Asks: 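Below is the structure I would like to discuss, written out as structure tokens.
All values reported here derive from a predicted model rather than from experimental measurement. In what follows, chains are A, B, ... by sequence order, proteins preceding strands, each numbered from 1.
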Amino acid sequence: MGIKGLMPFLSDSAPSCVKETKMEAMTGRVIAIDASMCLYQFLVAVRQGASQSNLANEAGEVTSHIQGFLSRTVRLLECGIRPVYVFDGKPPELKRETLREREERKQEADGELAAAMESGDADAIKKASHRTVRATPQMNADVQELLRLLGVPVVLAPCEAEASCAALCKAGKVYATATEDMDALTFGTPKMLKNLFDTESSRTAQKRPVFELTLSRVLEQLDVSMATFIDFCILCGCDYCGTIRGIGPATAFKLLKLHGSLEAAVATIDANKLPPEEQWQISEARALFSSPPQVDPSQVDLKWTSPDVAGLKSFLIDRHSFNEGRVTKVVERLSACRAAGSQSRLESFFTAKAPKTLPASEKFNPFAKRAAGSPATKRAREIGGGSNTGKAKVQRKQLS
DNA sequence: ACTCTGACTCAAGACGAA
DNA sequence: TTGAGTCAGAGT
DNA sequence: TTCGTCC
């Protein structure tokens, strides 16, 4: 999902759009989150034992997603962040073929999983089970109920969650969209946060900083209109169109600058390199990005209320077999952060800086030669901040 | 010579006791 | 599955 | 930091 290769390209070609920050810097802010994506991630990641099964209640129903949403949401609230979870609605027609193929592959994986279980091959079980993950309507309902009990607002998007997040952000209802999916920018989110949940608790050897991306800076430094940016994303490869062999972000950008429009750029490409007709609906993809079905922000009333403690306990302990002591601790953490009150932001005491315009010399020139000694890949990596000289390197597995 | 792409590989959440 | 990191080789 | 546990 997302736009192929967009993040490295922006880090390198439009570095002024990327700001390094921390979750703590978001105190007091309203953040939109793609709930469907979180749900999927929790199902994939929250697993246990050799069989790599999900957590489950006494009735055998999966609870990994409940565990995941609970701890993540409490963490956000403790940080003074006011989350808004946005759920996917009906997928767009253009995605139907992709989704159908995905479902087919999952069914194949179901078979592989069964076979692996039979043979007891733990490694095969692990691999297959990660490919069979499906978010069910029941799971979506579970999470929505949990969030209501926590007093956190839920938004049901008519279509793609990212599109509605963007609408809320444009309308000023939320400060930013927190997502890993770069097409949030293509949908027009003025600000997006990447790696917001990539904390020290993650098992990955290196934790990455949170990146705050500003759409207006993307457009300014790339020196393109939003319409051209959308075309650029389509040419790079997005969820709604195929990709073209040999065309990555760098080439896509040059082609657009040279020829002016997506159609003109595409016309210069060898026709049999293009994806098949049904996967190359340029104008439909463009329409989906520029005016997707989305919530009407004026009809969305965001409220954060105190949790329904009794309801929460019943839901977690009675219904889903959570440990009573742990739930009590969660409730305490929740009341503690409500007692701390609505933390205000330090920045609000200062006058907002006038957005400085980027000097022409700073604008990205796709045709300029790169400075020797600082290859693109290297610089993109270094955006991540200080060098961790003392850190242990990734351990390499020995061949057996 | 220098980029850029694409193929390959690995891990995937959050928490807290030790 | 996806994304990120890495690298060899294609393409200019 | 690492590693087992959450349900």
Asks: Using whole Å, what does the distance between atom C1' of nucleotide B:dA12 and atom CE of A:M37 come to?
Replies: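 Taking atom C1' of B:dA12 as the reference, CE of A:M37 is at 13 Å.
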Asks: Could you tell me whether A:N323 contacts a base, only the sugar-phosphate backbone, or nothing, with contacts defined as non-hydrogen atoms closer than 4.0 Å?
Replies: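 Sugar-phosphate, no base atom in range.
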Asks: It should be established whether A:K329 places a side-chain nitrogen or oxygen under 4.0 Å from OP1 or OP2 of nucleotide B:dC15.
Replies: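 Result: no.
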Asks: What is the separation between atom CZ on A:F211 and atom C1' on C:dA4, rounded to the nearest whole Å?
Replies: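 That distance rounds to 11 Å.
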Asks: With rounding to the closest Å, how many angstrom separate the P atoms on B:dA12 and D:dC3?
Replies: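 To the nearest whole Å, 13 Å.
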Asks: A:E58 has an atom CD; how far is it from atom P of D:dC6, in whole Å?
Replies: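 After rounding, the reported distance stands at 14 Å.
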Asks: Keeping to residues at least two apart or across chains, list the side-chain hydrogen bond (donor to acceptor under 3.5 Å, both in side chains) pairs with something in residues 54-66 of chain A.
Replies: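 Passing the test, one end in residues 54-66 of chain A: A:N54-A:S64, A:N57-A:E61, A:N57-A:H320, A:E61-A:R319, A:H65-A:D142.
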Asks: Any side-chain heavy atom of A:D88 within less than 4.5 Å of one from A:M37?
Replies: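 No, too far: nothing below the 4.5 Å cut-off.
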Asks: Rounded to the Å, how far apart are A:K254 NZ and B:dT3 P?
Replies: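 Interatomic distance, NZ of A:K254 to P of B:dT3: 10 Å.
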Asks: For A:K19, what residues pass the salt bridge (charged side-chain N to carboxylate O under 4.0 Å, His left out) criterion, not counting sequence neighbours?
Replies: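 If we apply the salt bridge (charged side-chain N to carboxylate O under 4.0 Å, His left out) test to A:K19, skipping adjacent residues, there are no hits.
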Asks: Compare the minimum distances between each of B:dG13, B:dT5, B:dG6 and the side chain of A:K4, then state the nucleotide with the smallest one.
Replies: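 When the side chain of A:K4 is considered, B:dG6 is the closest of B:dG13, B:dT5, B:dG6.
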Asks: Taking only the side-chain heavy atoms of A:R245 (C-beta and beyond), determine which of D:dC6, B:dG6, D:dC7 contains the nearest atom.
Replies: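 Side chain of A:R245 sits closest to B:dG6.
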Asks: Can you tell me the distance, in whole Å, between the CZ atom of A:R47 and the C1' atom of D:dC7?
Replies: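 Answer to the nearest Å: 14 Å.
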Asks: Among B:dC15, B:dC4, D:dT5, which nucleotide has an atom closest to any side-chain atom of A:Q48?
Replies: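 The answer is D:dT5.
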Asks: Considering only D:dC7, B:dA14, B:dC4, which nucleotide approaches the side chain of A:R75 most closely?
Replies: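 Minimum distance to the A:R75 side chain belongs to B:dA14.
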Asks: For A:R333, which contact category applies under a 4.0 Å heavy-atom criterion: base, sugar-phosphate, or nothing?
Replies: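 Sugar-phosphate, no base atom in range.
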Asks: Taking 4.0 Å as the cut-off, does a side-chain nitrogen or oxygen of A:T63 come that near to OP1 or OP2 on D:dC6?
Replies: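 Result: no.
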Asks: Check every strand shown and say whether A:R326 touches a base, only sugar-phosphate, or nothing at a heavy-atom separation below 4.0 Å.
Replies: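 Counting heavy atoms under 4.0 Å across all strands, the contact made by A:R326 is with sugar-phosphate only.
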Asks: With P as the reference atom in both, quote the distance from B:dC8 to D:dC7 in angstrom, rounded to an integer.
Replies: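 Here B:dC8 and D:dC7 have their P atoms 41 Å from each other.
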Asks: Check salt bridge (charged side-chain N to carboxylate O under 4.0 Å, His left out) between A:R102 and all other residues, then give those that pass, not counting sequence neighbours.
Replies: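 Partners of A:R102 under the salt bridge (charged side-chain N to carboxylate O under 4.0 Å, His left out) test: none.
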Asks: Under the salt bridge (Lys or Arg N to Asp or Glu O under 4.0 Å) definition, can you give me all pairs with a residue in residues 228-239 of chain A, not counting sequence neighbours?
Replies: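 Only A:K95-A:D239, A:D231-A:R286 qualify under salt bridge (Lys or Arg N to Asp or Glu O under 4.0 Å).
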Asks: Which part of the nucleic acid, if any, lies within reach of A:S64 when heavy atoms closer than 4.0 Å are counted: base, sugar-phosphate only, or nothing?
Replies: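 No contact at all - A:S64 keeps every heavy atom at 4.0 Å or more from the nucleic acid.
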Asks: With a 6.0 Å cut-off (strictly less than), is the heavy-atom count around CD of A:E324, excluding the residue itself, greater than 12?
Replies: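 Counting other residues, nucleotides and ligands, CD of A:E324 stays at 12 neighbours or fewer.
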Asks: Would you say A:R72 reaches B:dA14's phosphate, i.e. side-chain N/O to OP1/OP2 under 4.0 Å?
Replies: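 Answer yes for this pair, as a side-chain N or O of A:R72 is under 4.0 Å from OP1 or OP2.
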Asks: Please write out each protein N/O paired with an N/O of nucleotides 1-3 of chain C under 3.5 Å, distance rounded to 0.1 Å.
Replies:
residue : atom : partner : partner atom : Å
C:dT2   : O3'  : A:M1    : N            : 3.2
C:dG3   : OP1  : A:M1    : O            : 2.7
C:dG3   : OP2  : A:M1    : O            : 3.2

Asks: Can you list every pair that meets ring pair (Phe, Tyr, Trp, His ring centres under 6.0 Å) and has a residue in residues 132-182 of chain A, with sequence neighbours left out?
Replies: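 Ring pair (Phe, Tyr, Trp, His ring centres under 6.0 Å) check on residues 132-182 of chain A returns no pairs.
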